[in-house]
Amino acid sequence: MPPLDPDSPRSLYLQLADRLAGRIEDGTYGAGDRIPSVRKLRDQFGVSLTTVLEACRVLEDRGLVQARAQSGHYVRPRRPPLRSEPDASEPPGEARRVDASLAVKLNLGIGNPQEPTLGAAVQGPELMPVAALNRLLGHVLRHQPAACHSYDAPPGSPVLRRSIAQRGGDAGYAVAADDIVITSGAKEAVYLSIKAVTKAGDTVAIESPAYYALLEVLASLELRALEISSHPRHGINLDHLAGVLASRPIAAVALVSNFSNPTGSCMTDAAKRRLVGLLERHEVPLVEDDVYGELVYDGPRPRAIKAFDRRGLVLYCSSYSKTLSPGLRVGWAVPGRYQNEVELLKLVVNQATAVAPQLALAAFLDSGGCDRHIRRVRRMYRDQMASMIDAVERYFPDSTRLTRPEGGHVLWVQLADEVDAMDLYDAAERVGIRIAPGPMFSPSDGYRNFIRLNTGFPWSETTERQMATLGRLVADRSG
Ligand SMILES: Cc1ncc(COP(=O)(O)O)c(C=O)c1O
């Protein structure tokens with residue numbers, strides 16, 4: 001086999017895993033065969049033992065090989081995925097007022113976010129750099145007390161905006177610090193962005209299912225939602241969206257581009273480019289929420305739609321809630337041509353985001369700590385997702401279908417038609433298990449036989465027990 005490419009952006013261990021996977025795919029190594037030993041691979045490819053071991057771990061996670069103690073790695077018998085994924089959604093074709101009361105009610109009853117939960121899309125403390133951030137918070141409070149205890153003003157801390165601008169390249173967009181508005185989390189960025197481009201009564205096209213907090217925003221701004229068919233792997237259906245844009249006034253499009261919530265779908269670059277072309281043709285702004293893009297399991301981080309935006313029509317929104325800490329409440333918007341409107345709204349709504357978290361995060365980003373942390377947690381999220389998929393396959397009835405996200409930490413599960421997710425939610429809550437029922441993600445009470453499971457915590461006996469119980473509750477309700 002030709003040598004690995006040390007200059008490639010893809011890590012050596014992934015290149016090696018891909019090579020070996022290729023040999024398994026083409027039948028060079030068949031079911032039951034032993035792949036070359038770790039030492040042999042090290043010598044053959046001139047890489048470290050750790051790189052080889054990491055590559056083998058990836059192959060194990062992909063279900064291609066199985067490690068046998070003292071003996072090596074053996075090719076697993078092929079088994080087709082046990083469960084198929086849900087079909088692309090078919091939402092109702094009419095724009096409607098949004099009733100987000102269910103989303104609000106369940107969001108308020110989020111429970112203790114520190115405890116492992118299958119419900120809220122939160123992550124365990126093990127997946128956050130809590131100690132490092134605490135140290136930096138203490139440091140900025142001690143050394144910059146005047147700044148930390150004063151009013152700030154939009155667009156927010158220049159040092160943080162500079163760090164964010166430098167990292168924009170990872171997501172493929174090149175912006176200056178002055179193009180960024182710091183917000184209190186991505187949720188605020190989405191709220192301000194949507195408010196900046198709409199007025200009450202307007203229609204916003206959204207993916208379906210949609211992140212429930214987006215529905216809360218649309219409801220509170222008295223906007224109508226038009227749900228667009230979406231695929232659980234590739235996201236919004238652009239043919240459907242193109243038809244809608246051509247046929248009626250749409251004030252804005254809003255979606256989660258990478259590892260969406262609840263489906264985990266991720267748009268391809270080609271789709272992102274085509275979407276920007278559609279927006280340009282119809283002069284329609286897009287509110288892009290990209291809080292999960294950094295949490296890709298393998299390979300480079302997927303690009304933002306903003307990366308393809310030449311005319312400032314994309315209002316990009318993200319935060320450090322999923323990667324570093326939701327409690328610090330630091331997010332940002334890159335509002336493009338709507339910069340002034342978003343800055344003004346930020347000032348009106350809450351003046352500014354707290355200064356100490358902004359400075360602490362800027363220091364963490366500049367130290368390289370963020371990159372190291374994200375590299376570490378990507379693997380944890382990958383393993384947690386694999387364990388959750390495995391548990392659904394073991395405990396849920398055969399009729400269950402599920403997505404296979406390649407990043408983020410939510411799994412979208414379709415149950416048999418006769419299972420009512422709200423009834424399941426109540427039954428699960430009675431035994432101390434929280435889930436997110438499908439109707440939360442729909443303005444039209446859809447997805448009644450769907451649930452979303454959170455995979456943000458390391459796998460534990462409690463999660464295993466909860467999944468076994470949940471599987472029984474689902475089976476009791478399935479025909
Ligand atoms: C898609 C999406 N956007 C935004 C948020 C919230 O982000 P923040 O806590 O930064 O407001 C979440 C949290 O679950 C989310 O899933």
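Whatever order the structure lists ligands and atoms in, that order sets their numbers, starting from 1.
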Report task. Taking only Lys NZ, Arg NE, NH1 and NH2, and the carboxylate oxygens of Asp or Glu, determine whether Arg337 and Glu283 approach each other closer than 4.0 Å. Result -> yes
Query raised in the report: Side-chain donor-acceptor pair under 3.5 Å between Thr263 and Ser260, yes or no?
Result: no
Report summary line: Between Asp298 and the options Arg378, Arg375, Arg382, Arg57, the salt bridge (Lys or Arg N to Asp or Glu O under 4.0 Å) test singles out Arg382
Once you restrict both partners to nitrogen or oxygen, which atoms of ligand 1 have a protein partner under 3.5 Å, and how far apart are they?
{"from": "ligand 1", "atom 1": "3 (N)", "to": "Asp289", "atom 2": "OD1", "distance (Å)": "3.4"}
{"from": "ligand 1", "atom 1": "3 (N)", "to": "Asp289", "atom 2": "OD2", "distance (Å)": "2.6"}
{"from": "ligand 1", "atom 1": "9 (O)", "to": "Ser321", "atom 2": "OG", "distance (Å)": "3.0"}
{"from": "ligand 1", "atom 1": "9 (O)", "to": "Arg329", "atom 2": "NH1", "distance (Å)": "2.8"}
{"from": "ligand 1", "atom 1": "10 (O)", "to": "Ala186", "atom 2": "N", "distance (Å)": "2.7"}
{"from": "ligand 1", "atom 1": "10 (O)", "to": "Ser319", "atom 2": "OG", "distance (Å)": "2.7"}
{"from": "ligand 1", "atom 1": "10 (O)", "to": "Ser321", "atom 2": "OG", "distance (Å)": "2.5"}
{"from": "ligand 1", "atom 1": "11 (O)", "to": "Ala186", "atom 2": "N", "distance (Å)": "3.1"}
{"from": "ligand 1", "atom 1": "11 (O)", "to": "Lys187", "atom 2": "N", "distance (Å)": "2.9"}
{"from": "ligand 1", "atom 1": "11 (O)", "to": "Arg329", "atom 2": "NH2", "distance (Å)": "2.8"}
{"from": "ligand 1", "atom 1": "14 (O)", "to": "Lys322", "atom 2": "NZ", "distance (Å)": "2.8"}
{"from": "ligand 1", "atom 1": "16 (O)", "to": "Asn261", "atom 2": "ND2", "distance (Å)": "2.8"}
{"from": "ligand 1", "atom 1": "16 (O)", "to": "Tyr292", "atom 2": "OH", "distance (Å)": "2.7"}

Query raised in the report: Just checking, any donor-acceptor pair under 3.5 angstrom between side chains of Thr353 and Gln358?
Result: no
Query raised in the report: Listed by chain and number, what are the salt bridge (Lys or Arg N to Asp or Glu O under 4.0 Å) partners of Glu406, not counting sequence neighbours?
Result: none
**Report entry** Residue Glu126 excluded, over 12 heavy atoms near CD under 6.0 Å
**Finding:** yes
